[in-house]
Structure formats: structure tokens, C-alpha cells
2 protein chains.
Amino acid sequence: MSLTHEFQEDFSSRGAMDNVLSIGGAKGARHAASAIVREAQPDVLAAGNLGVTLSLSRNKTLFEEGEKADYSYRVISGAVRLCKLLPDGRRQISDFCLPGDTFGFIAEESYTLTAEAVEDTVLVRYSRQTVGEACKSFPATSERVLAEVLRELSSAKSHLIMLGRQTARERIASFLLMVLDRQPADKYCDTRVYLPMGRQDIADYLGLTIETVSRAISELRRSGIVRALSTREILIRDVDALSEISSGCA
Amino acid sequence: MSLTHEFQEDFSSRGAMDNVLSIGGAKGARHAASAIVREAQPDVLAAGNLGVTLSLSRNKTLFEEGEKADYSYRVISGAVRLCKLLPDGRRQISDFCLPGDTFGFIAEESYTLTAEAVEDTVLVRYSRQTVGEACKSFPATSERVLAEVLRELSSAKSHLIMLGRQTARERIASFLLMVLDRQPADKYCDTRVYLPMGRQDIADYLGLTIETVSRAISELRRSGIVRALSTREILIRDVDALSEISSGCA
DNA sequence: CGAAAGGTTGATGTTGATCAAATAAAGTGG
DNA sequence: CCACTTTATTTGATCAACATCAACCTTTCG
């Protein structure tokens, strides 16, 4: 298996920066950046065999909130959901990690959220100690980690306005555009969205119920803005209309 | 003016860590950590005169979303709100920055949110370039920055479940406990909360309307869990009850 | 083929938003 | 310091969006 190879390719294709706090060209689609910027400084995480590859089948838990945090991870294929649970079972998904994304960098002793596989998933695992040492010795690695965390932070803040101030219709529109934007550039045509997660996951990401998600998608379908190729595959027929809805203009 | 002095004291009193990705004792109250851990490695940002002190009066804008991001900031006194706006004026506050907090570390070219003074505020400003250079030369500075960003990320993720899955009553309870927790240890007694922000700011932080915030606080007052000393000063009479409400157990 | 899981649609209920008015607090100029 | 204006907060009445409850349909898989 050339998983290690695949991983390296993926990692080194993502942009590094000459200054952590002024990264250029990081806007727009995550994958759009890949082609533009190239590795400039040595990054042991990217180059070395510091990580261990592992796979996780659908709905299996990788780690739970409160568990001692010894590792961070990078998604190779599949998808992982990060979520928090309330005592009574209410769930909020804070992020879907897709191929190329890293997660599990935290300041606390223990994980502050739970990580589960949305579908069958392959990951690379790094021990916290290894990452810490690599960060000390290699500024490029340290910058890479910071950049990843900053990206996650920026995404969380967009998520906040969605949950706090957008209607169900607007959240669905934003969600579809987000998944479209994060879709690997090569895969599918540029208006076809593959959703690795089920309706309950979407609901828990958007702070809605499964029924409301279903109804909102049906409504977009009825108004001709999207077409459902299957439950998990949606063709966006009018991206502009969707953008207008997502920004509250429509 | 001994503002620079005040700043140094504040900065060096916050915990550093021997390994970025395994910081111990960072749980609980932010200010609780201050007394425990002490600076171990040189951190130029803490030691040097790299920042410029400036003040900002109530409701003035420090920077706006989309503006070129040349600086990051640290709050000395007062409070800053970070928010996003939708085209039609809806607003979501993602964070209140209190004395000791830093903000403005981002991966993008431009700020992704707007920063405004909640009340008259004193800040220290660092140029992005300076911070970037300091990060390269001093691992301790780099670690400090990462730790700050990780703290912000963790806070954003807690905020998400609040907006996505908690009721108005639960959000208010969580909010009061959060402000209580972040209150400087010395100031006031440990059940007295001073709110630097008005009701509209609270509403925009919690994803509610001003009326709902007001009603929820009144209800807590009627049930004897809190007492209002003034609009902006609230005495918590039953912290446990408030905790139970915030975690959805009540 | 039949069971189980996932998704859609409909009827009804509840929480929080909206609209409206009263009250309280904070400024402002005399 | 007071009358007056402006702004912030509270309270009440009504409404709408989304949740809940329930049934039906569709897909998946043994």
C-alpha cells in the first residue's frame, strides 16, 4: 500500500508560508491553494515517517471528549466529525475533517471534543510529543501547525454566525456551498456536491433537526436551485442563487 | 504613565509551557492559571518594547472585516468585541476580549471580523511583521502565540454548542458563568459579575434578541438564582443552580 | 424477500422573534 | 443640580420559524 506516499504528496502540496502571520493566497477554496504555493522550508512532519497510518470504519469513535490527548491526526481519505455532547444527548458537530485536514491540536490535557468516522476513513496519527519536538526544531513545522489551527479558528467563527444569526434555509445554502468549496478540485464537476455525511450529521452541524434539513433541501429542489441525484449527491443548478440565499440577500 | 509596566506584568504573569501541545494546568479560570505557572523561556513579546500602547473610546472601531491586517493586539484594560456582520445588519459577536487577551492573529491577508471597543479600552498593538520575526527567533514566543490561538479555538467550539443546541435560559446561565470565570480574581467577590457590555452585545453574542436576554435574566431574578445590583452588575446567589441550568440538567 | 436504517412529508405545538409601549438610566445644556 | 433629551432596558401581546410527533416512503443489506 502506498498510503505513506499518498500522505506525503498530500501534505507537501499544501501551502506553507514564509511568515506565519501573513500568509498570502489562503483565501477561497482550500484546494485552490494547493496548486499555487509550494513548500519552501523543511517540514519534518511532511517529510518524515513520524506518523502511523491507521484506518477507522464508519461510525467508530477515534477519541472521546475528556480522554487523555496523546495524539493528533491527519485525514488521508474518508471523513471525520468532531462533536460535543450535552448530558441529555444533544449534539453539536463543530467540524467535518476531510482529506488533508488535521485535527487534535489542543492546549488542554484532554480532548475537548469527540472524534468519529463519518465513513470508512484512513488517518495518520502523530504523537503529541513528536509534534511538539518537531515544532521546536523546525520553524516550518511550527508555522504549519499554527496555520492549520488558524484555519480551523476562522472556520469556527464563520460557523458561529451561521448558528447564531442565519435561518434554516440560509444555513443549508451555506453548507452546500461550503462542501462544494472543500470538494477536491479534480473529483466531480464543479457543481456536483457529494455529501459524505447523513442528514442527522448535517442537522447536528447546522443546529437544526433532521426534518428541517430535509424540508429545506426539498424546498431548494422545488425552486429549481438544486437537483438531487441521490440522497448524498446534489447537483447545484444555480450557484449564484445559492450564494444569495446564503448571504441573506434573498 | 506606567502602562508599559502594567503590560509587562500582565504578560509575564500568564503561563508559558515547555511543550506547545501539552500545556498543563490550563483548565478552568483563565486567571487561575496566572498564579501557578511562571515564564520559563525568553519571550520577546513579553519582555521587549515591541508594542505600541493606544487607547480607544467606547464603541469606536479598531478595525473592520476586510481591512488589511497589519497588526495584532493585546487588551490592557477595558473590553473589545469581535464580530461579523451580515449584509442586512444581523450581527454575531464571536468573542469578548478582556484584559490579558490577545486578538488579531490570523492566516489571511485581511481581517475576517470587526473589532470594536465595548467600553473605553487601552491596548498594545504589535505589527504583524514584528510578531512573525519574534516567532521565528524565539520558540517561546511562537508557543505563546499558538497557545493563545488554541485557547480561542477551544472557546469558539464551546460557543458553537451554545448557539446550536442550547435554549435561551441555558445560554444566559452559561454566559453569566463564563463572565464570572473570566473575572479578574481580585476584583469583586467571587459571586459578583460585572458585565462590561450592554444587553444588545449579550444578545449578539448569544444569538438571541435583546428582549429574550432581558426576559431570561428577569426570570433568573424571579426564581432567586441571581440578584441585579444594577443593570451591569449581577450577584449570583446560587452558582450550582446556574451550573445545572447551563448544562441542561435543569 | 424481508428487516432495518435512513429520509421525506404532514399536522400540531413551543420557543423565541417581532411589534409596541412603558420605565429606567445616562447624558446635556442651562 | 435640575429639566429635558436620548439611549438602554424591561415588560406585554402577538406571530412565525422551527421542533416535535407521527406516518409513510426509499434505500441498503443480510
Side-chain angles (χ1 to χ4, degrees), chain A residues 57-59 81 86 88-92 118-120 162-176 194-223 226-234 245 248 250, chain B residues 57-59 81 86 88-92 118-120 162-176 194-223 226-234 245 248 250:
Chain A
S57 54
R58 199 169 87 92
N59 288 329
R81 60 175 174 255
L86 287 175
D88 62 359
R90 279 176 285 177
R91 186 176 74 148
Q92 177 64 47
V118 169
E119 54 185 348
D120 291 355
M162 195 151 111
L163 297 185
R165 292 301 183 204
Q166 291 195 290
T167 65
R169 187 183 161 80
E170 290 166 354
R171 293 182 210 192
I172 292 288
S174 304
F175 181 75
L176 291 176
Y194 171 69
L195 303 169
M197 68 297 284
R199 295 292 189 264
Q200 185 62 63
D201 282 348
I202 298 176
D204 285 342
Y205 181 83
L206 298 177
L208 300 170
T209 59
I210 193 173
E211 293 96 331
T212 302
V213 169
S214 183
R215 273 185 257 266
I217 292 176
S218 297
E219 197 207 309
L220 288 176
R221 203 148 30 75
R222 272 194 299 277
S223 58
V226 306
R227 174 177 298 172
L229 304 175
S230 75
T231 314
R232 303 207 165 193
E233 201 147 10
I234 288 178
I245 292 171
Chain B
S57 53
R58 199 168 89 91
N59 287 328
R81 59 177 173 251
L86 288 175
D88 62 358
R90 279 176 283 176
R91 186 176 74 150
Q92 178 63 48
V118 168
E119 54 185 348
D120 291 355
M162 193 150 112
L163 297 186
R165 292 300 183 204
Q166 291 194 292
T167 65
R169 187 185 161 79
E170 289 165 357
R171 293 182 209 192
I172 292 289
S174 304
F175 180 75
L176 290 177
Y194 171 69
L195 304 169
M197 70 294 285
R199 296 293 190 261
Q200 185 62 61
D201 282 346
I202 297 176
D204 286 342
Y205 181 83
L206 297 177
L208 299 170
T209 59
I210 192 174
E211 293 96 330
T212 301
V213 169
S214 183
R215 271 186 257 267
I217 293 176
S218 297
E219 198 207 309
L220 288 177
R221 203 148 30 75
R222 271 194 298 278
S223 57
V226 307
R227 174 177 298 174
L229 304 175
S230 74
T231 314
R232 304 207 163 191
E233 200 146 11
I234 288 177
I245 293 171

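Just so it is clear: chains get the letters A, B, ... in the order the sequence lines come, proteins before strands, and each one is counted from 1.
- For B:E233 (side chain) and B:L195 (main-chain N/O), no donor-acceptor pair under 3.5 Å exists by modelled atom type.
- In the set D:dT20, D:dT9, C:dT18, C:dT18 carries the atom at the smallest distance from any side-chain atom of B:T209.
- Atom CD1 in B:I172 sits roughly 16 Å away from atom P in C:dT15 (whole-Å rounding).
- With rounding to whole Å, B:I210 atom CD1 is found 8 Å from D:dA8 atom P.
- Rounded to an integer number of Å, the gap from CZ of A:R232 to C1' of C:dG7 is 11 Å.
- Between the CZ atom of A:R165 and the C1' atom of D:dA17 there is a distance of 15 Å, given to the nearest Å.
- Nearest-nucleotide positions on DNA chain C for A:R199 and B:T212 put A:R199 closer to the 5' end.
- Under the 4.0 Å criterion applied to side-chain N and carboxylate O atoms, B:R90 and A:E170 are assigned as salt-bridge partners.
- Put simply, the side chain of B:R165 gets close to the backbone of A:L208: a donor and an acceptor are under 3.5 Å apart.
- In this structure a side-chain-to-backbone donor-acceptor pair under 3.5 Å is missing from B:R81 to B:Y205.
- Summarising the geometry, the separation between CG on A:L206 and P on D:dA17 is reported as 18 Å, rounded to the nearest angstrom.
- Contact annotation for A:L208: backbone-only contact, meaning every heavy-atom pair under 4.0 Å involves sugar-phosphate atoms and none involves a base.
- In this structure, of C:dA25, C:dA20, C:dG6, it is C:dA25 that holds the atom nearest to the side chain of B:T231.
- Contact annotation: side chain of A:R215 to base of C:dG10, donor-acceptor pair present below 3.5 Å.
- The nucleotide whose nearest atom lies closest to any side-chain atom of B:E211 is, among C:dT18, D:dT9, C:dT9, C:dT18.
- Of the candidates C:dT9, D:dT10, C:dA17, the closest approach to any side-chain atom of B:S218 belongs to D:dT10.
- No contact: B:S230 has no heavy atom under 4.0 Å from any strand.
- For the pair A:L195 CG and C:dG6 P, the computed distance is 16 Å after rounding to whole Å.
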